[in-house]
Amino acid sequence: MVAKDYKVILASNSPRRKELLAGIDVKFEVRVIQDIDESYPSDLPTKNIAEYISRKKAAVYQQQMAPDELIITADTIVVLGDEVMGKPHNEADARRMLRELSGQTHQVITGVTLTTIQKQISFSVETDVTFKALSDSEIGYYVSHYKPFDKAGAYGIQEWIGHIGVTGLQGSYFNVMGLPVQRIYEALSNF
């Protein structure tokens with residue numbers, strides 16, 4: 001239905017991104033290049049970081065792509081005030097992040113880049129997420145049982161912590177999971 005002239009490649013090993021892209025009935029395969037540099041300039045505005053990193057990832061894949069391929073790269077960040085929260089380094093870092101997010105509204109920004117040999121488009125989607133005040137025991141339970149070390153901001157909204165902790169959401173739920181599929185569908189439809 002969309003992108004029928006291209007072989008779509010999802011440049012991510014994330015099970016959530018695979019599930020979300022499959023949910024809009026796009027036929028795709030997964031291709032992962034390990035250890036791509038995800039650094040960004042320190043003076044880059046926070047709202048531009050995820051899109052910048054998605055384009056940086058795309059540049060690595062573009063070197064190896066075939067003329068009939070369309071590669072989707074993405075990066076998701078969690079922003080609280082001026083702090084960008086990446087993936088936690090360990091259990092203590094995950095607990096720290098969740099304590100900081102507790103009782104606050106933060107932004108989840110996903111940058112997406114769609115790349116072919118001839119064309120590239122990039123965009124970002126931002127969602128506001130509000131957490132209730134989380135107790136130390138709730139944070140401890142979540143971190144020890146769900147081990148959110150592969151998730152920006154140390155949480156997955158689709159997991160236990162999202163079920164019991166999220167009190168408000170403005171924007172795309174799927175964006176918070178890691179891929180704004182509605183916007184991707186529109187972009188693929190108009191590519």
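Nothing fancy with the numbering, it's 1 onward along the sequence.
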Any Lys/Arg nitrogen of E138 or K132 sitting under 4.0 Å from an Asp/Glu carboxylate oxygen of the other?
-> yes
Atom [atom1] of [X] and atom [atom2] of [Y]: how far apart are they, to the nearest 0.5 Å?
X: L10; Y: R31; atom1: CG; atom2: CZ; answer: 11.0 Å
X: L134; Y: R95; atom1: CG; atom2: CZ; answer: 12.5 Å
X: K47; Y: I77; atom1: NZ; atom2: CD1; answer: 9.5 Å
X: Q63; Y: I33; atom1: CD; atom2: CD1; answer: 8.0 Å
X: F149; Y: K151; atom1: CZ; atom2: NZ; answer: 10.0 Å
X: K147; Y: E91; atom1: NZ; atom2: CD; answer: 6.5 Å

Do side-chain atoms of T127 reach the backbone of S172 as a donor and acceptor pair under 3.5 angstrom?
->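 Yes.
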For S102 and L98, indicate whether the former's side chain and the latter's backbone hold a donor-acceptor pair under 3.5 Å.
->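 Between the backbone of L98 and the side chain of S102 there is no qualifying donor-acceptor contact (under 3.5 Å).
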Evaluation steps, side chain to side chain contact (heavy atoms under 4.5 Å, CB included), between Y40 and V84 = CA-CA 12 Å; Y40 53 87; V84 176; 4.0 Å; yes
Which atoms form the tightest heavy-atom contact between [X] and [Y], and what is the distance?
X: T73; Y: A11; value: CG2-CB, 3.6 Å
X: A154; Y: P88; value: CB-CG, 3.8 Å
X: A50; Y: D75; value: CB-O, 3.4 Å
X: V32; Y: Y61; value: CA-OH, 3.3 Å
X: T115; Y: M65; value: O-CE, 3.3 Å
X: L20; Y: G178; value: CD1-N, 4.5 Å

Start with the C-alpha distance between L188 and L70, add both sets of side-chain angles, then the distance that settles side chain to side chain contact (heavy atoms under 4.5 Å, CB included), and finish with yes or no.
-> CA-CA 10 Å; L188 288 172; L70 183 152; 3.9 Å; yes
Can [Y] be reached from [X] by stepping across I, L, V, M, F, W or Y side chains whose heavy atoms are under 4.5 Å apart?
X: V8; Y: L114; answer: yes
X: V78; Y: L44; answer: no
X: L101; Y: V143; answer: yes
X: V125; Y: Y52; answer: no
X: F131; Y: M177; answer: yes

Give the intermediate values and the outcome of side chain to side chain contact (heavy atoms under 4.5 Å, CB included) for residues V108 and I157.
-> CA-CA 11 Å; V108 177; I157 194 167; over 6 Å; no
Only one of R55, K57, K87 passes salt bridge (Lys or Arg N to Asp or Glu O under 4.0 Å) with E38, and that residue is K57
May I ask you to test the [X]-[Y] pair for a side-chain heavy-atom distance under 4.5 Å?
X: Y173; Y: V166; answer: no
X: R183; Y: F123; answer: yes
X: I184; Y: V26; answer: no
X: T46; Y: D82; answer: no

Taking atom [atom1] of [X] as the centre, does the number of heavy atoms from other residues, nucleotides or ligands within less than 6.0 Å exceed 12?
X: E83; atom1: CD; answer: yes
X: F174; atom1: CZ; answer: no
X: H89; atom1: NE2; answer: no

With under 30° as parallel and over 60° as perpendicular, where do the rings of Y6 and F191 fit, or are they tilted in between?
->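 Correct class here is perpendicular.
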Would you please classify the geometry between the Y155 ring and the H106 ring as parallel, tilted or perpendicular, with 30° and 60° separating the classes?
-> perpendicular
Is there a side chain to side chain contact (heavy atoms under 4.5 Å, CB included) between I109 and V79 once you walk through the steps?
-> CA-CA 8 Å; I109 304 169; V79 180; 4.1 Å; yes
Is it the case that the side chains of [Y] and [X] hold a donor-acceptor pair, with the cut-off being a distance below 3.5 Å and no angle test?
X: K56; Y: S39; result: yes
X: T110; Y: N175; result: yes
X: T76; Y: R17; result: yes
X: E51; Y: S124; result: yes

